[in-house]
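Values in this document were obtained by computation on a predicted structure and should not be read as measured data. Values reported hereafter were calculated over all heavy atoms of this structure, with side chains retained and with hydrogens, waters and symmetry mates removed.
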Amino acid sequence: MDKIPETPLFDREGSLRGYKMNKMAMALGTQEGRDAFLADEEAFIDKFGLDAESKKAVMDRDWQEMIRLGGNLFYVLKITAVDPTPIIAVGAAQAGMSVEDFLRERLGKE
């Protein structure tokens, strides 16, 4: 399969690498998970055994890095349920752009 330059593809390798991060993010789909995350984010993340690189990406809310490390966007976006981040800001981070540039260049809004 041809790769798209500078675009992380969610393939089998990425899926395996991001499994723990995706499982952690999926747990935020419950009120219990969200409460635990808000009470002690680091302890919640540690419960899922993320490697140091993935843990840092989550704690820094580095959306682009989470995807590069195998995060599935569907799951990673669950973090925004406890740490409100506009979806536009996530899209801009994914594209490596400012929110303003993303709105203008990708969505045609001024």
For a quick test of reading the model, state the closest non-hydrogen atom pair linking [X] to [Y] and the distance between them.
{"X": "G71", "Y": "M21", "answer": "N-CE, 3.9 Å"}
{"X": "T30", "Y": "A27", "answer": "OG1-O, 3.2 Å"}
{"X": "G70", "Y": "N22", "answer": "O-ND2, 3.1 Å"}
{"X": "K20", "Y": "L50", "answer": "O-CD1, 3.7 Å"}

Side-chain contact test, heavy atoms from C-beta onward, threshold under 4.5 Å: evaluate it for E100 versus E105 and give yes or no.
no

Can you find a pair of side-chain heavy atoms, one from D35 and one from F44, that are under 4.5 Å apart?
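When only atoms from C-beta onward are counted, F44 and D35 do not touch, as no gap falls below 4.5 Å.
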
Pick one: which of I79, N72, L77 meets side chain to side chain contact (heavy atoms under 4.5 Å, CB included) with Y75?
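With Y75 as partner, I79, N72, L77 yield a single side chain to side chain contact (heavy atoms under 4.5 Å, CB included), made by N72.
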
Are any side-chain N or O atoms of T85 and backbone N or O atoms of D83, one a donor and one an acceptor, separated by less than 3.5 Å?
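The answer is yes, because a donor-acceptor pair under 3.5 Å joins these two groups.
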
Taking NZ, NE, NH1 and NH2 as the nitrogens, is one of them in [X] or [Y] under 4.0 Å from a carboxylate oxygen of the other?
{"X": "R68", "Y": "E53", "result": "yes"}
{"X": "K56", "Y": "E65", "result": "no"}
{"X": "E41", "Y": "K55", "result": "no"}

Atom OG in S54, atom CE in M24: separation rounded to 0.5 Å?
9.0 Å

side-chain contact (heavy atoms from CB on, under 4.5 Å) between K78 and T80: does it pass, once the steps are laid out?
CA-CA 5 Å; K78 292 193 179 295; T80 67; over 6 Å; no

Working for side-chain contact (heavy atoms from CB on, under 4.5 Å), residues I67 and Q64:
CA-CA 5 Å; I67 299 302; Q64 195 169 29; over 6 Å; no

Verify the neighbour count for atom CD1 of I88: are there more than 12 heavy atoms of other residues, nucleotides or ligands below 6.0 Å?
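It does not: I88 CD1 has 12 such atoms or fewer within range.
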
Do other residues, nucleotides or ligands put more than 12 heavy atoms under 6.0 Å from the CD atom of Q31?
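For Q31, atom CD is crowded (more than 12 foreign heavy atoms under 6.0 Å).
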
